Amino acid sequence: MKNSNWIFNTDFDEFIDLDSYVSRGGFSALRKVMSQDSSFIVEELNRAGLRGRGGAAFPTGIKIGMVASASEKERFIICNADEGEPGTFKDRFILTHLPFQLLEGILIAAYAAGAEKGFIYVRHEYPEAQEKIKNAITVAEKAGLFGKNILGGEFSLHLEIFSGAGSYLCGEETALLSSLEGKKGRPRLKPPYPTEAGYLGKPTLINNVETLANIPKIIEKGAEWYRSIGTEDSPGTKLISLSGDVKRRGLYEVPYGTSFHDIVYEYGGGPKDGRKVKAVNIGGASGVLVPSEMLDTLLEYRCCMEKEITIGSGALFVLDDTRDILENVRNRVRFFLHESCGKCTPCREGLRQVNILLEKLNKRTATEEDLDRLDRYTRVMQDASFCGLGQAAGNSLKSSLKYYRDEYMNGCVRYAEEMSA
Amino acid sequence: MSMVLVEKASSLTSEQSHSLLPVLLEYQKKNPCNYISEENVKEIAEKLNLSRSRVYSTASFYSEISLVPRGKHLIRICCNAPCENAGKEAIHRAVKDKLGIDVNETTEDGLFTLEIVNCLGACYMSPAMKIDDQVFGNLTPESAVEIIKKMEQTDEE
Ligand SMILES: Cc1cc2nc3c(=O)[nH]c(=O)nc-3n(C[C@H](O)[C@H](O)[C@H](O)COP(=O)(O)O)c2cc1C
Ligand code: SF4
Ligand code: FES
């Protein structure tokens, strides 16, 4: 299952330092691109079909191309290492174990976009990751691979490590920009998109850690090679953070096209002995909750879209048959309630009302009208929230209301009485 | 003015405020009580040429920044679903009993403050907690209390 010839080395016991990275082909992609026109990078990434791993799955080559073709010459690159989605630990792993692969990816993306300055926005909860990546930059600089006149050429890149301060919302790209500018981390209206007007109003490329760390391998080995992994619709691999009720929790590099069933049973070893899988939460708190019958779905964008599953950050959290679905829903609503910035009514008030209704369900004092109300608030949050946080909160609620209606019904007065009569 | 122009203008005039968040975190780290005091706010405002309300506004948005004094060590227990399912509640109770404090309270000797946080990126070893910069995973109520006892001992030395 594990294949050292894919993109990542997912061994928790191994730190890939500069020497071992170079001995495995590291920085050959950077040398390759710097002898060519930068448009080569965009074309290669487009041919490879690389999509963003931060949640929205936007084609990376197109995004880089948008910044590269901006008329404004001062441009920025931002690596989004805010990794706030509960249940996700893949970016943390890349930062602490594969920092040079990430740095090479940032260099290539910056070179293609024409950015000479930028940031890695790392969440505050990851101090050791901040240290590791800072050290890696120093080491790479000494080796002439970072900073001024990289590899003796014209290209320079100056990067700063910027620490977040405990706000999940700051992972959203426009909130991240506000945060970098010293303000409250509240999202801004799009358009303009960061590719047009980002940091300081300049064209800015914002990509996730995993997205950027894919780039060196694609350039080194070529788009054809990359497309030989995964499926036609979704080439390559995805890092899956597997947690919850499985025998082997951990980080796995999984080729697209693998079924969720195989991820849980083959990679994760299945549920603990004597237990059954009840539900799987795909994509963290903002993701969906699906019953075990749906596990034959493939980890693939098209396939997941058809079933309203969002792959998101690639967090997979397994609940076995001892678990209470509504307990999980309450936990996630509490999370959103805490992280909502309060800027728009559907999210702020919607979550507050939903929380009240969930408490009623918990005390078994809800009515079936309350369930209708829950459906309605969920829809409003999905459709009318200003940013992805409120929308995702709605999506995640919707999936549990759809697949676990009976557990919601159990929290209703009359229903509970009838069932026990 | 259109929304876009207003946003642009406000981002241009606030350029000196760009270092506000790192500066706040730096001050908090240096403050022995792990927080941003009124004195700190005044100093930061003068240094960066911002109004005090502007400094407060940013400081109060971020949950990592505290405007009330805290203990020397911050104990943070993760409360997201993977950790909740793995037994966070029992860890929480054991730590509360050990320290004799509730969430967001500080022990009388000023050594520990107990807080609840979001995912520490350690869900492969849930339940997890963090003390200052160090993450501890695969906790049991006993091991969590042991870890705190050890910290108390090293602090006495
Ligand atoms: C509430 C919210 C939180 C987000 N958090 C993150 C995050 O922690 N890391 C991340 O890379 N993207 C996050 N995103 C997505 C970013 O807005 C953005 O799409 C992404 O960084 C783009 O990079 P990519 O194209 O490489 O995926 C978040 C989005 C929303 C709505
Ligand atoms: S959806 Fe929620 S987090 Fe996003 S702007 Fe509205 S209130 Fe803020
Ligand atoms: S949910 Fe607790 S560490 Fe991730």
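Naming: A, B, ... by sequence-line order, numbering from 1 per chain. From a predicted model like this one, the values you see are computed outputs, not experimental measurements.
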Atom group of A/Glu339 that falls short of 4.5 Å from chain B, counting heavy atoms: side chain
A/Ser163 versus chain B, the contacting section by heavy-atom distance below 4.5 Å: both
Flag, side chain of B/Tyr62 to backbone of A/Gly185, donor-acceptor distance under 3.5 Å: yes
A/Phe12 portion near chain B, given a 4.5 angstrom heavy-atom threshold: side chain
Within 6.0 angstrom of A/Lys117 NZ, more than 12 heavy atoms from elsewhere: no
Chain B contacts, top residue of A/Gly84, A/Gly166, A/Ala129 (heavy-atom pairs, under 4.5 Å): A/Gly166
Separation of A/Lys184 NZ from B/Thr58 OG1 (nearest 0.5 Å): 8.0 Å
Test ring pair (Phe, Tyr, Trp, His ring centres under 6.0 Å) applied to A/Phe162 and B/His18, step by step: CA-CA 11 Å; A/Phe162 193 97; B/His18 283 199; 9.2 Å; no
4.5 Å side-chain heavy-atom contact, A/Glu128 and B/Gln134: no
A/Arg92 to B/Val135 - nearest heavy-atom pair and separation: NH2-CG2, 4.4 Å
Close side-chain approach of A/Ser179 to B/Leu21, heavy-atom, < 4.5 Å: yes
Gap separating the NZ atom of A/Lys183 from the CG atom of B/Leu20, nearest 0.5 angstrom: 11.5 Å
Which atom of A/Arg123 lies closest to which atom of B/Gly121, heavy atoms considered: NH1-N, 4.3 Å
Heavy-atom contact with chain B under 4.5 Å, split by part of A/Pro86: both
Polar side-chain atom of A/Arg334 near backbone of B/Cys79 as donor-acceptor pair, under 3.5 Å: no
Gap between atom CZ of A/Phe335 and atom CG of B/Asn80 - 0.5 Å precision: 5.5 Å
Residues A/Arg330 and B/Glu84 bridged, charged N to O under 4.0 Å: no
Point-to-point distance, once rounded to the nearest 0.5 Å, from CD of A/Glu160 to OG of B/Ser19: 10.0 Å
Contact check, side chains of A/Leu251 and B/Tyr124, non-hydrogen atoms, under 4.5 Å: no
Nearest atoms (heavy-atom pairs only) where B/Pro82 meets A/Gly87: CG-CA, 4.2 Å
Over 12 non-hydrogen atoms of neighbours within 6.0 angstrom of NZ in B/Lys47: no
Interatomic distance, B/Asn138 atom CG to A/Arg249 atom CZ [nearest 0.5 angstrom]: 5.5 Å
Under 4.5 Å from any heavy atom of chain A - which part of B/Ala122: both
Check: B/Val117 and A/Glu125 side chains under 4.5 Å, non-hydrogen atoms: no
Spatial distance of atom SG (B/Cys119) from atom OH (A/Tyr168) [nearest 0.5 Å]: 11.0 Å
Closest non-hydrogen atom pair, A/Ala165 against B/Leu25: CB-CD2, 4.3 Å
B/Lys42, NZ atom: more than 12 neighbouring heavy atoms under 6.0 Å: no
Distance-minimising heavy-atom pair for A/Ser167 and B/Phe61: OG-CE2, 3.7 Å
